[in-house]
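Note that the coordinates shown come from a computational prediction; the quantities given were computed from them, not determined experimentally.
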Amino acid sequence: RKKRKLTAKPIRCLPLRIQQQVSGCGFWQNSSHVRRRREWKRLWKISFLSISGKRQVNEMTLYEIRKIFCKTGNKIALAILAGVFFLLVFYIINAVKWVDHTGTSHNGQEAVRLMREAQEAWEGDLTEEKIAEVIREEQRVNQKYQQDSENIRESNQNYAGKQGFAGIRELINLAYSDFQDYDYYRIGSLQPEESAQFYKNRIHSLRNWLGGEGEKSFTAKEKEFLLEKYEEIKTPFFYTWVQGWEELFTYFPTLILFLSILLGFLCAGIFSGEFQTRADAVYYSSMEGRRKASAAKIKAGVVVCTALYGAVTAMFTLLILAVLGSSGWNCPIQVIFGYWKSFYNITALQAYLLMAAGGYVGTLFLVLLTMLVSAWSRSSLLAATVPLLLTIAPDLLSSVSNPWVQKILGMLPAQLLQLPGALRSFTLYTIGGNVLGAAQILPLLYGAVSLALPFVIYRIFRRKEC
């Protein structure tokens with residue numbers, strides 16, 4: 001202190017040249033140098049601790065993942081998943097049937113190639129001329145081979161002559177039938193001159209249905225919304241071979257549903273297993289047991305869910321599109337059988353991306369819910385049962401015709417696993433004066449809930465007592 005007082009005062013009195021020489025010796029800067037050195041040490045220590053802490057969490061996460069996959073029951077579940085996966089792919093590939101001009105049926109990749117070549121010959125915009133051409137071709141084939149013949153060979157030959165325009169034929173049957181009906185033979189009673197009503201009938205049948213059977217199911221604003229969506233879609237539709245996307249939309253929800261149930265089974269014991277093995281006393285008495293280890297368990301569940309979902313869905317998509325083809329990705333979903341009435345004006349690729357993203361959000365939510373019940377109840381059985389009930393609830397109550405019940409069922413997480421069904425349905429919600437479909441709300445809603453659930457699980461498990 002004396003040195004600072006003695007030297008600080010005279011230095012101000014010295015000339016500027018001498019002050020610069022004296023200050024360059026570093027004696028008066030010694031205190032600031034020490035402070036800087038201490039600050040660097042403190043920052044280095046903080047960064048080292050944070051890095052070591054992250055390493056500890058990552059090591060604990062890998063340990064928790066190994067615990068999940070080392071259980072015998074979980075190994076059996078994964079083997080069942082692999083079996084179901086390959087059986088489903090094999091069934092889809094062999095479900096495509098081609099009938100030659102002799103009436104003989106063929107299956108497998110050769111049938112896929114022949115069917116694709118036949119349908120791509122009708123590729124293009126579905127204009128009035130093309131619709132009229134399909135109606136004339138239908139009449140020609142029916143005149144050559146009897147459609148309802150008792151002779152199986154002649155009936156197959158009739159079917160063989162229509163395979164090239166089979167997809168367009170189904171759309172015509174839908175367009176000229178009542179809104180809630182489907183008549184396979186409707187095209188046979190049409191004349192080429194009626195082709196001008198192809199797109200108009202789609203709007204006309206909706207308007208008639210909203211004024212009749214569906215009148216009490218929607219508000220005036222919702223009816224106006226549906227009609228606007230139908231009228232704003234761009235026509236004519238572009239059509240080509242879309243079998244690959246159609247099969248994906250049909251069987252992708254089944255795979256996701258099975259996968260979500262299996263992931264719930266795998267993650268049900270992440271938290272409850274500590275209590276069942278009586279390891280909770282050691283777990284909670286350890287230095288980082290309540291903090292870093294709890295975070296590692298949550299991270300392990302999310303990593304397992306993400307990795308398995310991504311691997312299974314990517315493999316399934318690539319295999320199906322590699323065999324059946326990815327053409328038709330830019331077609332509107334209305335050209336796919338079953339989506340003709342959909343009010344979502346999106347392409348097949350956009351529908352698939354929405355389906356895949358929604359499926360991941362729904363699966364992640366169910367896995368996090370499983371871990372939440374596991375941490376709260378200490379029971380693996382209860383943890384695996386609650387999400388399963390939420391998954392099958394819409395199917396159990398689907399026969400209830402009350403519109404309010406259907407709106408509630410439409411908001412359950414199971415709808416995310418079966419998003420193609422939401423794209424076909426007319427489940428609408430009015431929020432803030434805006435009318436939205438279920439497929440627009442569900443991914444955002446459960447995405448936000450899934451972001452909050454890890455913090456809830458962390459808080460619950462940290463405060464558990466031995």
J.: I need the I441 CD1 to I431 CD1 distance, nearest 0.5 Å.
T.: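 The CD1 atom of I431 is 3.5 Å from CD1 of I441, to the nearest 0.5 Å.
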J.: Please examine the side chains of I168 and I131, heavy atoms only from C-beta on, and report whether any two atoms are closer than 4.5 Å.
T.: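 Sidechains of I168 and I131: in contact.
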J.: Please report the shortest heavy-atom distance between S217 and E222, naming the atom on each side.
T.: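 Taking S217 first and E222 second, the nearest heavy atoms are O-OE1, 4.2 Å.
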J.: What pair of heavy atoms forms the shortest contact from G359 to L417, and how long is it?
T.: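 Closest approach of G359 to L417, heavy atoms only: O-CD2, 3.9 Å.
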J.: I'd like to know whether Q143 forms a side-chain hydrogen bond (donor to acceptor under 3.5 Å, both in side chains) with Q139, so could you lay out the CA-CA distance, the side-chain angles of the two residues, the decisive distance to 0.1 Å, and finally the verdict.
T.: CA-CA 6 Å; Q143 290 174 1; Q139 294 173 349; 5.6 Å; no
J.: Once ring pair (Phe, Tyr, Trp, His ring centres under 6.0 Å) is applied, what residue pairs with a partner in residues 174-194 remain, sequence neighbours excluded?
T.: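 Qualifying pairs: F179-W209, F179-F426, Y182-F337.
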J.: Do R202 and L206 have side-chain heavy atoms sitting under 4.5 Å apart?
T.: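 Not in contact.
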J.: Stepwise, does the side-chain hydrogen bond (donor to acceptor under 3.5 Å, both in side chains) test hold for E154 with N158?
T.: CA-CA 6 Å; E154 185 177 3; N158 179 280; over 6 Å; no
J.: Measure the spacing between CG of N142 and NZ of K162 and express it to the nearest 0.5 Å.
T.: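 It comes to 4.0 Å.
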J.: With no hydrogens and no angle check, is any side-chain donor or acceptor of N74 less than 3.5 Å from a backbone partner on I68?
T.: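 Confirmed, N74 side chain pairs with I68 backbone.
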J.: I need the minimum non-hydrogen distance between E194 and S189, along with the two atoms involved.
T.: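 Closest approach of E194 to S189, heavy atoms only: OE2-O, 4.2 Å.
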J.: So L255 and F85, do their side chains get closer than 4.5 Å, heavy atoms only?
T.: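 They are in side-chain contact.
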J.: Closer than 4.0 angstrom, basic N to acidic O: yes or no for R140 and E137?
T.: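 Salt bridge present between R140 and E137.
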J.: Could you walk me through whether W340 and E170 pass the side-chain contact (heavy atoms from CB on, under 4.5 Å) test, one step at a time?
T.: CA-CA 10 Å; W340 169 257; E170 299 296 345; over 6 Å; no
J.: Test side-chain contact (heavy atoms from CB on, under 4.5 Å) on F225 and F343; report intermediate values, then the result.
T.: CA-CA 9 Å; F225 170 81; F343 64 86; 3.8 Å; yes
J.: Could you please spell out the steps behind the side-chain contact (heavy atoms from CB on, under 4.5 Å) verdict for Q415 and S425?
T.: CA-CA 11 Å; Q415 301 299 331; S425 69; over 6 Å; no
J.: Hey, are the side chains of E213 and Q180 touching, using non-hydrogen atoms and a 4.5 Å cut-off?
T.: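 Contact flag for E213/Q180 side chains = yes.
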J.: To the closest 0.5 Å, what do you measure between CG (L451) and OH (Y446)?
T.: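 Nearest 0.5 Å value for the CG-OH distance: 14.5 Å.
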J.: How about R186 and I172: do any of their side-chain heavy atoms sit closer than 4.5 Å?
T.: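 Of all side-chain heavy-atom pairs linking I172 with R186, none is under 4.5 Å.
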J.: Count the heavy atoms of every other residue, nucleotide or ligand shown that sit under 6.0 Å from CZ of F69, and state whether that count exceeds 12.
T.: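 Atom CZ in F69 is packed in, count exceeds 12.
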J.: Test Q243 against M115 for side-chain contact (heavy atoms from CB on, under 4.5 Å), laying out the working first.
T.: CA-CA 10 Å; Q243 191 70 27; M115 181 70 80; 5.9 Å; no
J.: For Y199 and F237, I'd like to know if the aromatic rings sit close, meaning centre-to-centre distance below 6.0 Å.
T.: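 Yes, they do, as the ring centres are separated by less than 6.0 Å.
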J.: Flag yes if more than 12 heavy atoms outside Q109 fall under 6.0 Å of its CD atom; otherwise flag no.
T.: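 It does not: Q109 CD has 12 such atoms or fewer within range.
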J.: Using modelled atom types and a 3.5 Å cut-off, is there a donor and acceptor pairing between side-chain atoms of Y309 and backbone atoms of A356?
T.: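 Between the backbone of A356 and the side chain of Y309 there is a qualifying donor-acceptor contact (under 3.5 Å).
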J.: May I ask you to check if K130 and Y239 form a cation-pi contact, with NZ or CZ under 6.0 angstrom from the six-membered ring centre and within 45° of the axis?
T.: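 Verdict for Y239: no cation-pi partner in K130.
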J.: Please walk me through it: do Y352 and T317 pass side-chain hydrogen bond (donor to acceptor under 3.5 Å, both in side chains)?
T.: CA-CA 10 Å; Y352 169 76; T317 302; 2.5 Å; yes
J.: Heavy atoms only: give me the nearest I270-K297 pair and the separation to one decimal.
T.: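 Looks like O-NZ, 2.9 Å.
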J.: Hey, do the aromatic rings of F316 and Y251 have their centres closer than 6.0 Å?
T.: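 That pair fails the under 6.0 Å test.
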J.: Are any of the side-chain heavy atoms of L366 and L263 separated by less than 4.5 Å?
T.: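 Counting from C-beta outward, L366 and L263 never come under 4.5 Å.
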J.: Could you check if a side-chain atom of E117 sits within less than 4.5 angstrom of a side-chain atom of W241, using non-hydrogen atoms only?
T.: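 No, their side chains stay 4.5 Å or more apart.
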J.: Would you check if there is a donor-acceptor pair between the side chains of Y360 and T306 at a distance under 3.5 Å?
T.: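 Present: a donor and an acceptor within the cut-off.
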J.: Taking CZ in R113 as the centre, count heavy atoms belonging to other residues, nucleotides or ligands within less than 6.0 Å. Is the count above 12?
T.: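 Yes, enclosed.
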J.: Work out which heavy atom in S195 is nearest to a heavy atom in E128; give both atom names and the distance.
T.: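 So the two residues come closest at OG-O, 3.2 Å.
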J.: Could you tell me the separation between the CG atom of L257 and the OG1 atom of T363, rounded to the nearest 0.5 Å?
T.: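 If I round to the nearest 0.5 Å, the distance is 9.0 Å.
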J.: Looking only at atom types and distance, does a side-chain atom of Q334 sit under 3.5 Å from a main-chain N or O of S342, one as donor and one as acceptor?
T.: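 At least one qualifying donor-acceptor pair exists.
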J.: Take T102 and D100 through the side-chain hydrogen bond (donor to acceptor under 3.5 Å, both in side chains) test and state the conclusion after the steps.
T.: CA-CA 5 Å; T102 63; D100 59 25; 2.6 Å; yes
J.: Going from CD1 on I261 to OG1 on T370, what distance comes out if it is rounded to the nearest 0.5 angstrom?
T.: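 Separation between the atoms: 10.5 Å.
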J.: Donor-acceptor check, side chain of K223 to backbone of E215, threshold 3.5 angstrom: yes or no?
T.: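 Side chain of K223 to backbone of E215, a donor-acceptor pair under 3.5 Å: yes, one is there.
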J.: Do you know which two heavy atoms are closest between H101 and Q157, and how far apart they sit?
T.: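 Heavy-atom minimum between the residues: O-NE2, 3.1 Å.
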J.: NE2 of H204: more than 12 outside heavy atoms within 6.0 angstrom?
T.: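 Incorrect, the count does not exceed 12.
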J.: For W245 and S326, indicate whether the former's side chain and the latter's backbone hold a donor-acceptor pair under 3.5 Å.
T.: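 At least one qualifying donor-acceptor pair exists.
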J.: When rounded to the nearest 0.5 angstrom, what distance separates CG in L319 from CG in L324?
T.: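 So the gap between those two atoms works out to 10.5 Å.
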J.: Please determine whether a side-chain nitrogen of the Lys or Arg among K67 and E64 lies less than 4.0 Å from a carboxylate oxygen of the Asp or Glu.
T.: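 Salt bridge present between K67 and E64.
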J.: Would you call L390 and L369 a side-chain contact if the rule is heavy atoms closer than 4.5 Å?
T.: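 Counting from C-beta outward, L390 and L369 do come under 4.5 Å.
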